[in-house]
Structures are given as structure tokens and as C-alpha cells.
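Every chain is numbered from 1, with letters handed out A, B, ... down the list of sequences. The figures that follow rest on heavy atoms only: side chains count, while hydrogens, waters and symmetry mates do not.
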2 protein chains.
Amino acid sequence: MRAQKAEEILDAAEKLARSGGYGGFSFRDLARGVGIKSASVHYHFPTKEDLGIAMTQRYNERFIHGLGDPRGEGTVDEKIARYINAFRTSMIEDRLMCLCGLFGAEVTSLPGNVAEETRGFFERNRDWLMAVLADDTRFADDDARERAALTLIAKLQGAMIMARTMIDVDVFETILEDPLG
Amino acid sequence: MRAQKAEEILDAAEKLARSGGYGGFSFRDLARGVGIKSASVHYHFPTKEDLGIAMTQRYNERFIHGLGDPRGEGTVDEKIARYINAFRTSMIEDRLMCLCGLFGAEVTSLPGNVAEETRGFFERNRDWLMAVLADDTRFADDDARERAALTLIAKLQGAMIMARTMIDVDVFETILEDPLG
DNA sequence: GTCTATAACTCGATAGAC
DNA sequence: GTCTATCGAGTTATAGAC
């Protein structure tokens with residue numbers, strides 16, 4: 001188990017990073033958020049890269065775990081709806097973007113290991129969606145399933161960025177109206 | 001007409017911003033790129049916001065103009081292919097992302113007027129695509145055309161971010177295989 | 001138009017006391 | 001674990017000489 005204070009720091013970091021990206025938060029911001037000084041943040045995470053890795057790993061694992069078993073109960077369309085809802089809920093209710101969507105956009109500014117974790121997010125999302133689609137007769141083979149999975153992820157990431165930039169949540173709903181279309 | 005040096009500065013800024021975003025370039029970077037000092041960059045563009053506005057306006061107008069008349073010669077599918085190719089070419093040949101895709105991801109860090117221009121990019125892209133689709137019997141009404149337009153933009157922006165993050169250009173091609181599907 | 005010099009600030013990171 | 005204090009580097013931006 002990680003120390004309780006470290007989790008609080010990661011909470012604050014995730015909230016800020018899911019709004020302003022990797023460059024959108026500083027050690028001073030995090031310190032203010034959890035009621036300590038920035039030097040004390042360095043005690044828990046020596047460098048920003050350490051913090052970035054821990055933050056992205058935690059986000060990825062929590063996200064994938066929250067999706068549940070891709071082969072579990074429910075129809076394909078229900079699972080796809082739940083997948084979309086994972087993004088929709090945090091965006092609309094908490095104004096939080098996808099951490100790895102923002103990190104992906106600034107990948108050239110990320111430390112190498114943070115970029116690696118960001119890539120892993122997309123790979124794991126693709127694999128989860130392909131597993132969901134495994135039994136669906138609408139898709140002939142693995143190539144078709146991979147195409148549908150990658151396309152849905154791209155639509156979601158693009159839709160979130162566009163909806164926030166255009167200040168219009170309907171943009172998100174419009175784009176996701178026919179998720180596998 | 002803008003001064004020649006100002007255009008050189010905008011060229012350098014656009015190249016850097018289309019890789020690292022708005023926070024990915026500094027006045028010193030631009031100065032080094034055009035062979036002057038950072039104080040001289042401020043002569044041409046007093047603040048970074050001034051530069052950001054000019055850069056985004058120029059990018060938007062050049063991009064839309066480069067697309068040509070949405071009601072001109074050619075089939076719908078040819079025009080859609082040209083639209084996609086505008087992104088594909090700069091990404092693959094010059095490793096340049098869409099300026100406004102990256103800006104959209106960091107919109108909370110942008111000066112207000114730069115965020116406005118970024119929003120305008122997506123609106124003008126949507127309108128151009130809707131004009132292209134105006135005569136296509138595959139779309140029943142304006143709502144269907146708007147949905148197809150926004151979805152294609154989202155797929156493209158998401159595909160570029162994912163392809164670069166996953167270090168796999170095939171991701172882009174796979175997602176754009178069936179552009180209006 | 002471009003320069004030198006510098007102000008004023010923020011950043012990540014460290015030393016050392018407690 | 002947290003603090004004060006600080007370092008060195010980066011940032012945008014300005015004053016004033018040439």
C-alpha cells in the first residue's frame with residue numbers, strides 16, 4: 001500500500017492534469033492542494049517523472065478495472081455504452097478530461113516512462129474493446145474488431161477535446177450517437 | 001501585408017506549436033529559429049497572446065483556403081479524401097500535428113482570444129464538411145450532415161494523437177479506412 | 001529593427017534543521 | 001514527514017542604446 005499522503009497528492013495531481021495536462025500542474029499546486037509545502041511533495045515523489053508515472057499507472061489500472069470483465073454479463077451494446085459512459089460521466093459531472101488523451105496531445109513534452117504509460121492506456125483500451133467485440137457477428141475478423149476499437153477510442157478522445165473547446169457538450173453526444181457506426 | 005520577419009517568426013512558431021503545443025515553444029526558441037534575439041521577437045509580437053492569435057488565424061485561413069470550394073468539382077468521396085489527406089500529409093511527411101487539435105487539448109492554458117480562434121477552426125471545418133455533404137443522398141438532413149462532419153473531425157484528431165502516442169502510423173490509416181462510416 | 005541588460009516571476013529540485 | 005531557505009534554470013516582458 002502506498003502512504004495515505006501520497007494518494008492525496010496523486011488525487012490532486014490527477015484532478016489538475018485531467019484539466020490542464022502534464023504541464024498544467026506544478027509541485028506548488030499539489031502542495032497547496034493537500035496542505036503541505038512543495039519540498040514535502042518531493043519526499044513522496046522525488047521527481048515529477050516519478051509522480052507522472054505513478055499517476056498514469058494508477059489512472060490506467062483504475063480505469064481498466066472499472067470497465068469490468070469484457071466477457072462478463074450483458075450485451076455488446078450495453079458494454080460499449082458503459083465504456084462511453086465512463087468518459088461522459090467524469091467529463092459532464094466533474095469537468096474532467098481523459099488523462100491520457102491530454103497526455104497524448106503533449107507526448108513530446110512527457111518524460112519517456114510517462115509517455116510509455118500513456119501508450120499503454122490506448123493499447124489496453126483497444127484490447128478491452130476487442131474482447132468485448134469478440135462474439136459479435138457484425139465483425140468478421142480481428143482486423144475488423146481492431147478497426148472498430150481504435151475508431152471508437154479516437155472518436156471519444158476527439159469528441160471530448162472538441163466539446164470542451166467548442167463549449168458545447170452536445171458535440172460529444174452527437175459524435176457518440178452511433179458508437180460503432 | 002505583414003512584415004517578412006513576422007512571417008518567419010510565425011513559421012517557426014507554427015512548426016514548434018504543431019509538435020509541442022502552445023506551451024511547447026518560447027520566445028527564445030523562436031528567436032533562435034529566425035536568427036534574432038528574443039527581445040526582437042517582442043517587437044513584432046508584443047505578447048505571446050498576440051503571437052498566438054496571429055499564428056492560429058493564419059493557420060486556420062490557410063487550412064480552409066487549401067481545402068478549396070466545397071461545392072466545386074469532384075465527388076463527395078474525393079473531397080473527403082482530400083480533407084483527410086491534408087492532415088495525413090503534414091503528419092507523415094513533416095511529423096506535424098494539427099495546430100488546433102493540440103491547442104484544443106490545452107485550451108484551459110490558452111489566452112482567451114487564442115481559445116476563440118481554436119474553436120473557430122473546428123466550426124469552420126464542420127461547416128466546410130457539411131457543405132461538401134450537402135448534395136449527398138446518404139444523409140437525410142442537416143442534423144445527419146452535422147453528425148457526419150463532427151464525427152469525421154473527431155476521428156481525425158483522435159487518430160493523430162493516438163498514432164503519435166502509440167508510435168504507429170497504421171493506427172491513423174486503420175481509423176480513417178471508412179471515413180464516413 | 002535589433003541589440004544588451006535586466007526585472008519579475010515560476011519551475012523542479014536539494015540541503016539541512018526539526 | 002514536514003519545514004525554511006535557496007539554487008539554477010526557465011519564462012514573458014520591458015527599458016534604453018544603437
Side-chain angles (χ1 to χ4, degrees), chain A residues 1-56 99 102-103 106-115 117-118, chain B residues 1-56 102-103 106-115 117:
Chain A
M1 283 289 287
R2 196 150 28 207
Q4 174 192 350
K5 205 67 176 181
E7 292 291 339
E8 289 179 41
I9 292 167
L10 291 179
D11 289 341
E14 182 180 319
K15 192 171 177 180
L16 290 172
R18 287 177 68 181
S19 173
Y22 190 77
F25 70 94
S26 71
F27 275 72
R28 282 175 179 77
D29 294 327
L30 305 181
R32 199 177 309 118
V34 302
I36 59 178
K37 296 295 178 181
S38 74
S40 305
V41 178
H42 281 282
Y43 168 80
H44 297 281
F45 301 98
T47 71
K48 191 170 182 178
E49 176 170 10
D50 294 323
L51 198 155
I53 295 168
M55 169 175 41
T56 314
L99 182 74
L102 298 196
F103 278 16
E106 55 183 342
V107 71
T108 57
S109 309
L110 298 179
N113 287 327
V114 182
E117 295 294 333
T118 304
Chain B
M1 282 291 286
R2 197 153 25 209
Q4 175 193 349
K5 205 69 179 181
E7 291 292 339
E8 290 178 39
I9 292 167
L10 291 180
D11 290 341
E14 182 180 317
K15 192 171 175 180
L16 289 172
R18 287 176 69 180
S19 172
Y22 189 77
F25 69 95
S26 72
F27 275 70
R28 279 182 177 79
D29 293 327
L30 305 181
R32 199 177 309 118
V34 302
I36 59 179
K37 296 295 179 180
S38 72
S40 304
V41 178
H42 281 282
Y43 167 81
H44 297 281
F45 301 99
T47 71
K48 191 169 181 177
E49 175 170 10
D50 294 323
L51 198 154
I53 295 168
M55 169 175 42
T56 314
L102 297 196
F103 278 17
E106 54 182 342
V107 70
T108 58
S109 309
L110 298 179
N113 287 326
V114 181
E117 295 294 333

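In terms of modelled atom types and a separation under 3.5 Å, the side chain of T56(B) and the main chain of E117(B) share no donor-acceptor contact. Judged by distance alone, the side chain of K48(B) and the main-chain N or O of Y22(B) form a donor-acceptor pair under 3.5 Å.
Between H42(B) atom NE2 and dT14(D) atom P there is a gap of 7 Å when expressed in whole angstrom units. The interatomic distance linking R28(B) (CZ) with dT10(C) (C1') rounds to 13 Å, in whole Å. In this structure, OH of Y22(A) is placed 12 Å from C1' of dC11(C), rounded to the nearest angstrom. Across the protein-nucleic acid pair, F27(B) atom CZ and dC3(C) atom P stand 15 Å apart, rounded to whole Å. Put simply, CG on D50(B) is 12 Å from C1' on dA13(D), counting in whole angstrom units. A straight line from CZ of R32(B) to P of dC3(C) spans 14 Å, rounded to a whole angstrom. In this structure, K37(A) places its NZ atom 14 Å from P of dC11(C), rounding to the nearest Å. One interatomic measurement links the two molecules: CD of E49(B) to C1' of dA13(D), which rounds to 14 Å at whole-angstrom precision.
Geometric assessment of K15(A) against the ring of F25(A) yields a negative cation-pi assignment under the 6.0 Å and 45° thresholds.
Contact annotation: K48(B) reaches the phosphate of dT12(D) (side-chain N/O to OP1 or OP2, under 4.0 Å). Close to dC3(C), at under 4.0 Å from its OP1 or OP2, lies a side-chain N or O of S40(B). The side chain of Y43(B) contributes an N or O atom lying less than 4.0 Å from OP1 or OP2 of dG1(C). The phosphate of dT2(C) (OP1 or OP2) has a side-chain N or O of H44(B) nearer than 4.0 angstrom. Considering only side-chain N and O atoms, S26(A) lies nowhere under 4.0 angstrom from the phosphate OP1 or OP2 of dT10(C).
The closest side-chain heavy-atom distance from Q4(B) to E7(B) is not below 4.5 Å.
Listed nucleotides: dT2(C), dC3(D), dT12(D). Nearest to the side chain of I36(B): dT2(C).
The residue F25(B) sits close only to the backbone: its heavy atoms come under 4.0 Å of sugar-phosphate atoms, none of a base.
Between the CG atom in L16(B) and the OG1 atom in T108(A) there is a gap of 10.0 Å [rounded to 0.5 Å].
Comparing A3(B) and A39(B) along DNA chain C, the residue whose closest nucleotide (by nearest heavy atom) sits nearer the 5' end is A3(B).
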